[in-house]
Amino acid sequence: MTVMSSWPLLVLVAAPAAVLVIGCSREPVGQPAGSPSYAAVDYTVPEAGEETVPLAFADVTSEAGIAFRHENGAFGQKWMPESMGSGGGWFDYDGDEAPDILLINGCYWPGHEAGRRAPTLALYRNNGDGTFRDVTADTGLGLVLYGMGCTMADYDGDGDCDVYVTAVGPNRLLRNDDGHFADVSEEAGVSGSGAEDSWSASAAWLDVDNDGRLDLFVTNYVKWSPETDLFTTLDGVNKTYATPQQYEGESCRLYRNVDGHRFEDISERAGVFNREGKSLGVAVADFNDDGWFDLVVSNDTQPNFLYLNQGDGTFEDIGLLAGIAYDETGRARAGMGVDVADLANDGRLAVAIGNFSREPISLFCQETADFFKDITGRARLTRDSLLPLTFGLVLSDVDLDGRLDLVAANGHIEPEINRVQKDVTHAQSPLLFRQVSPGRFVDLSGKVGQGFAEPIVGRGLAYADYDADGDLDLLITTNSGSPKLLRNDVLVPSNWARIKVRGAGANTDALGAKIVLQAGGQTQQRWVRTGSSYLSQSELAATFGLGSHTTIDRLEIRWPVGRTDVLENLPANRTYTISEAGGIVHAAQAERPAFSSARIP
């Protein structure tokens with residue numbers, strides 16, 4: 001039996017008890033000699049480190065021209081999907097090197113349209129001056145569907161970025177033809193399981209077999225329909241939004257890109273077919289550094305998966321042995337969004353997962369290539385992330401000091417939760433944890449501007465440098481509300497480098513490239529990848545904070561085909577566009593804004 005996660009609802013189906021699995025240590029992951037173990041890290045922080053607030057975020061949603069509102073279709077019956085959307089993200093749809101915003105929408109349920117104009121997806125073009133223009137109608141993206149999330153990449157190798165939208169019901173593959181989108185879902189074979197009650201969540205493009213063509217991994221949640229909607233309650237009287245324990249799970253799907261136009265479902269053959277998942281998030285990484293991309297899947301009230309790519313077209317789920325399937329008590333948490341990164345700049349990867357209210361964010365850090373340790377408590381994340389319900393989360397260096405920080409979007413699923421749990425609210429403020437030493441965080445959420453002070457029903461979270469000033473700005477989507485565009489204003493002098501890569505052949509985005517940057521004795525690494533967070537996608541460009549260092553000592557790019565290019569002694573504070581075929585093709589220098597609070601409204 002599996003112990004039920006701490007969803008607060010009174011349910012109709014009893015849940016099974018948990019099995020505690022102890023993972024065993026294996027061969028250590030490749031790392032520089034003398035790299036510290038997380039178990040041996042000195043977490044002492046100078047007193048000033050806790051007091052310094054080096055950045056602030058300004059809510060510029062309205063002044064930037066974003067006038068979108070998510071529709072969840074709620075009409076009083078509290079159907080389960082209404083509480084889970086929506087997503088969105090960043091991609092350059094028109095090839096002008098400026099990240100644009102895609103926002104996913106729901107719709108009205110059949111019979112409840114009441115003559116209202118149908119809500120659609122929304123695409124906002126970056127004008128390059130800090131504002132955006134709604135180009136939804138011009139680009140053919142005015143689609144009506146009960147959308148959930150998105151992932152964007154150039155799957156057909158024609159040089160422009162295409163869009164995949166997950167939904168309740170059939171998913172959509174939208175091919176980009178010179179800035180206009182065509183729905184090719186059916187002919188491509190990626191609309192989903194085909195069942196009307198299919199419900200997909202997050203998705204990611206990646207080349208699973210290293211054949212140079214991008215394949216597609218799609219998470220699926222549970223089998224739900226209006227006809228199977230169950231009555232659940234918090235107080236024994238009033239209906240509340242149902243939880244996943246009462247529904248049968250739906251397996252994730254893996255689609256192999258056959259020829260740049262058609263896909264085949266290889267889920268069973270590849271070893272990723274599993275109806276027990278109830279999956280919501282997916283992150284892509286190469287955990288054993290063998291050149292084959294692996295997958296982490298966060299599951300809601302079920303054990304998380306870690307699919308290790310075997311290099312022969314198949315995957316092995318090592319989540320149990322790796323130590324990320326359950327929490328430290330042997331219980332499956334209610335996992336939402338997920339991200340993976342080299343947290344301590346020592347070559348070891350960390351997996352961060354957002355969980356339900358009264359379940360803190362999970363932070364698992366790699367001890368060996370295939371074993372992780374839960375360091376949430378030692379990282380000082382437990383107390384401040386315990387009550388919020390975390391959906392989207394990202395690991396990114398928001399203050400450009402060379403250490404990755406943790407940002408989380410939060411919001412409960414039940415509007416009436418405060419009636420029965422007085423310390424929990426429906427709308428919840430985002431969280432920002434600054435990493436002040438390896439594996440140790442300080443909560444700055446209440447000190448970085450109004451954008452992190454206002455409670456919202458947060459869902460998706462994604463980052464991009466939309467204003468080309470070198471730091472990472474944030475997009476937070478909300479359920480049944482307006483998104484938040486939060487401009488990052490770094491308040492202390494910090495140097496940076498941004499790397500954009502251009503692949504040869506069909507993989508024009510060079511998804512799978514590994515970028516390793518050395519500056520001032522510190523080594524940082526990033527992968528070019530899609531996925532991560534919840535229902536959302538961040539930009540593909542890699543941003544490195546350099547702190548006080550003004551030079552990139554060494555930049556190494558391991559391309560997806562295995563070849564490695566090395567560049568040395570590059571000036572900081574530039575965006576480098578580097579081609580697999582021809583080295584640096586462009587270096588754009590940006591003047592940093594004034595390091596003062598003058599920009600903060």
Side-chain angles (χ1 to χ4, degrees), residues 1-9 11-19 79-85 87 146 148-149 166-169 171 192-193 195 197-204 217-225 228-230 232 240-254 267-268 271-283 295-307 315 317 319-320 324-327 330-338 351 353-359 362 389-393 412-414 459 531 533-535:
M1 299 217 7
T2 302
V3 174
M4 189 172 67
S5 174
S6 59
W7 288 82
L9 304 180
V11 297
L12 302 180
V13 178
V19 178
W79 285 354
M80 191 178 180
E82 296 167 1
S83 65
M84 300 298 288
Y146 205 99
M148 293 298 293
T166 61
V168 177
N171 301 326
S193 65
D197 61 353
S198 64
W199 180 354
S200 299
S202 300
F217 186 88
V218 182
T219 67
N220 289 298
Y221 193 34
V222 296
K223 287 183 174 295
W224 173 93
S225 69
T228 61
D229 187 72
L230 298 173
T232 57
T240 52
Y241 282 111
T243 60
Q245 294 99 324
Q246 297 95 48
Y247 293 93
E248 180 184 354
E250 177 61 70
S251 175
C252 298
R253 299 280 173 167
L254 177 59
S267 308
E268 294 193 47
V272 300
F273 189 87
N274 184 349
R275 293 189 185 277
E276 300 303 317
K278 302 180 182 180
S279 305
L280 288 174
V282 58
L295 295 160
V296 177
V297 178
S298 54
N299 291 314
D300 192 353
T301 70
Q302 295 294 319
N304 301 312
F305 303 147
L306 197 167
Y307 286 120
F315 290 80
D317 178 18
L320 293 174
I324 72 163
Y326 298 103
D327 67 12
R331 183 181 63 172
R333 289 176 172 169
M336 308 296 174
V338 59
V351 177
I353 300 176
N355 296 305
F356 204 79
S357 179
R358 302 188 187 279
E359 297 177 340
S362 299
L389 196 171
T390 297
F391 277 90
L393 83 172
H412 209 277
I413 64 167
E414 176 51 54
R459 292 295 183 260
S533 194
Y534 173 75
L535 306 180

Side-chain donor/acceptor of S251 to backbone N/O of N274, under 3.5 Å
yes
Derivation of the side chain to side chain contact (heavy atoms under 4.5 Å, CB included) call for H412 and F356:
CA-CA 8 Å; H412 209 277; F356 204 79; 3.9 Å; yes
Nearest 0.5 Å, what's the CD-CD distance between Q302 and Q245?
8.5 Å
Donor-acceptor check, side chain of S533 to backbone of G392, threshold 3.5 angstrom: yes or no?
no
Donor-acceptor pair, distance only, cut-off 3.5 Å: does the side chain of R459 make one with the backbone of S83?
yes
Check whether any side-chain N or O of S298 sits under 3.5 Å from a backbone N or O of M336 as a donor-acceptor pair, and report yes or no.
yes
Closest approach of Y146 to E82 (non-hydrogen atoms, all atoms of both residues)
OH-CA, 3.3 Å
Residue pair S200 / E250, side-chain heavy-atom distance below 4.5 Å
no
Side-chain contact test, heavy atoms from C-beta onward, threshold under 4.5 Å: evaluate it for M84 versus L280 and give yes or no.
yes
With a 4.5 Å limit on heavy-atom distance, are the side chains of R331 and Y326 in contact?
no
Taking N304 as the fixed residue, which of N299, D317, V351 is the one that meets the side-chain contact (heavy atoms from CB on, under 4.5 Å) rule?
N299
Report yes or no: does E414 contribute a side-chain atom to a donor-acceptor pair with the main-chain N or O of Y241 at less than 3.5 Å?
yes
Given 3.5 Å as the limit, does a donor-acceptor pair link the side chain of S267 with the main chain of V272, or not?
no
Distance check, rounded to the nearest 0.5 Å: T243 atom OG1 versus K278 atom NZ?
8.5 Å
Output yes when a side-chain donor or acceptor of K223 lies under 3.5 Å from a complementary backbone atom of T228, and no otherwise.
no
Hey, mind stepping through W199 and M80 against side chain to side chain contact (heavy atoms under 4.5 Å, CB included) and telling me if it holds?
CA-CA 11 Å; W199 180 354; M80 191 178 180; 3.9 Å; yes
Can you say whether the rings of F391 and Y534 are parallel (under 30°), tilted (30 to 60°) or perpendicular (over 60°)?
tilted
Looking at every heavy atom in both P303 and A332, which two are closest together, and how far apart are they?
N-CB, 3.8 Å
Quick one: closest heavy-atom pair of A242 and Y247, and the distance?
CB-CE1, 3.8 Å
Taking every heavy atom of C252 against every heavy atom of T219, the minimum-distance pair comes out as SG-CA, 3.8 Å
Has the side chain of T166 got a donor or acceptor atom that lies under 3.5 Å from a matching backbone atom of A201?
yes
Is a donor from one side chain sitting under 3.5 angstrom from an acceptor on the other, for S362 and D327?
no
Residue pair F305 / S279, side-chain heavy-atom distance below 4.5 Å
yes
In chain order, what residues pass the ring-ring contact (aromatic ring centres under 6.0 Å, His included) check against F217, with sequence neighbours excluded?
none
Tell me the closest heavy-atom pair linking V222 and P244, and the distance in Å.
CG1-CB, 4.2 Å
What is the minimum heavy-atom distance between L320 and A325, and which atoms define it?
CD2-CB, 3.5 Å
